[in-house]
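Numbers restart at 1 for each chain; the letters A, B, ... are given by sequence-line order, proteins then strands. Heavy-atom basis, side chains included; hydrogens, waters and symmetry copies ignored. None of these values were measured; they are calculated from a predicted model.
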Amino acid sequence: MPELPEVEVVRRSLKKIILNKEIVNVELLHKNILNDNYEEFKKALIGYQFEDVLRFGKYLVFVLNNDYVLISHLRMEGKYRVVGNKPYSKHEHLIYTFKNGETLRYDDTRKFGRIDLRLKSNYLKTKPLNQLGAEPNDLDIDVFYNKLQKTKRPIKVSLLDQTIIAGLGNIYVDEVLFLSKILPTRISNEVTYDEAKAIKRNAIMTLEKATKLGGTTIHTFSATDIDGLFQNELLVHTKKGHPCIVCGNLIIKTKVSGRGTYICEHCQK
DNA sequence: ACGTCCTCCTGTTCGC
DNA sequence: TGCGAACAGGAGGACG
């Protein structure tokens, strides 16, 4: 799925096209997508407008011009698109219709994505956002280092843990660990303070660059149907059998905690 | 409390 | 080529 850069690309493009348009109808075609009561959900939406779209880590927050927000997580394959009045396609599960006839559609092949309805007054203090850690930009290095000190999980698993650092997923963790010269299997509490600083620095750099390039498009993900370009910049992820750009040794693919993982065994220690 | 595994789904790629 | 197995950018819950 989309990681922080891809979600940010989605947020920016949605902001340009969905704000301040009255919602006249909502259709939920797959009920598991919504974590809350559908009737309340409709009541919170119909007759109102989106007045902003925010992002926290990999979560999108649609701000309504009333007391509510919608918190949307795309998980592996969720996408939004805005189109006119054409037939729904196979994996569109949630349709918002605007007064001008346009529709905002949530498409999710694997149906993993989830949406929560929350009150503006406390949505940062309740699930799912209350547990979210800081994004790399805002990460306090001492807090980060101390969290790593408290766990014996592999460092990759800790970096995928959104309560420790928000926004990284399987692709960018591999890239950041390569740039930081750290093996993904290293035990978290053996990562040094300087290495933690390197992780923060490389995470900021990687996510910024990826966002500028419109995110990474592998497999099927694209932000509002437009492909990103960061896949052309990947150093290790998906690069099995390619020479490492630093030392020339071949990149290998392994598994860490069930996730496909790409490393240079020579550069990463 | 912590770490590991399973699960939710569907479509595509891999390996024999 | 065919076919089943493994895998895909996530995370919450069960279990030991």
Sugar-phosphate only, base, or nothing, as touched by A:D161 at under 4.0 Å among non-hydrogen atoms: nothing

B:dT12 and C:dA11, which share atom name C1', separated by this distance in whole Å: 23 Å

Atom-to-atom span, NZ of A:K111 to P of B:dG11 - whole angstrom: 8 Å

Distance-only polar pair, side chains of A:H266 and A:N249, donor-acceptor under 3.5 Å: no

Whether A:H30 and A:H93 hold their rings parallel, tilted or perpendicular, with breakpoints at 30° and 60°: tilted

Watson-Crick or G-U pairs under 3.5 Å in DNA chain B, rendered as dot-bracket with [ ] for crossing pairs and | for another strand: .|||||||.|||||||

Separation of atom NZ in A:K240 from atom C1' in C:dC7, rounded to whole Å: 12 Å

Protein-nucleotide distance (A:H237, atom NE2; C:dG10, atom P), rounded to Å: 9 Å

Separation of B:dT10 C1' from A:E92 CD (nearest whole Å): 16 Å

A:D116 vs A:R118, salt bridge (charged side-chain N to carboxylate O under 4.0 Å, His left out): CA-CA, chis, key distance, verdict: CA-CA 6 Å; A:D116 293 277; A:R118 290 285 180 275; 3.5 Å; yes

Phosphate-side-chain proximity, A:H91 and B:dC9, N/O vs OP1/OP2 below 4.0 Å: no

Whole-Å P distance, B:dC5 and C:dC7: 14 Å

Parallel, tilted or perpendicular: ring planes of A:F50 versus A:F98, cut at 30 and 60 degrees: perpendicular

Nearest-Å distance once atom C1' is located in both C:dA6 and B:dC6: 16 Å

Test salt bridge (Lys or Arg N to Asp or Glu O under 4.0 Å) applied to A:E208 - qualifying residues, sequence neighbours left out: none

Distance, rounded to the nearest Å, where A:I33 contributes CD1 and B:dC8 contributes P: 15 Å

Given DNA chain B, 5'-ward residue of the pair A:K90 and A:R114, judged by closest heavy atom: A:R114

Under 3.5 Å, which protein N or O atoms sit close to an N or O of nucleotides 11-15 of chain C? Give each pair with its distance.
unit_1	atom_1	unit_2	atom_2	d
C:dA11	OP1	A:H73	NE2	2.8
C:dA11	OP2	A:K58	NZ	3.0
C:dG12	OP1	A:Y59	OH	3.3

Which residues share a salt bridge (Lys or Arg N to Asp or Glu O under 4.0 Å) with A:R186, sequence neighbours left out: A:E195

Any donor-acceptor N or O pair under 3.5 Å, side chains A:Y172, A:E6: yes

Verify same cluster id: A:L104, A:L19 (apolar side-chain graph, 4.5 Å): yes

Separation of atom CG in A:L29 from atom C1' in B:dC9, rounded to whole Å: 16 Å

With sequence neighbours excluded, residues passing ring-ring contact (aromatic ring centres under 6.0 Å, His included) with A:Y193: A:Y145

Aromatic stack A:F112/B:dC9: centroid gap under 5.5 Å, interplanar angle under 30°: no

Heavy-atom side-chain proximity of A:D108 to A:L74 below 4.5 angstrom: no

Protein-nucleotide distance (A:I171, atom CD1; C:dA8, atom C1'), rounded to Å: 10 Å

Cluster link A:L159 to A:L4, ILVMFWY, side chain under 4.5 Å: yes

Whole angstrom value for the distance that separates P of C:dC7 from CZ of A:R110: 13 Å

Donor + acceptor pair across side chains of A:E135, A:N137 (<3.5 Å): no

Are any protein N/O atoms closer than 3.5 Å to N/O atoms in nucleotides 1-4 of chain B? If there are, list each pair with its distance.
unit_1	atom_1	unit_2	atom_2	d
B:dG3	OP1	A:T151	OG1	3.0
B:dG3	OP1	A:K152	N	2.8
B:dG3	OP2	A:T151	OG1	3.2

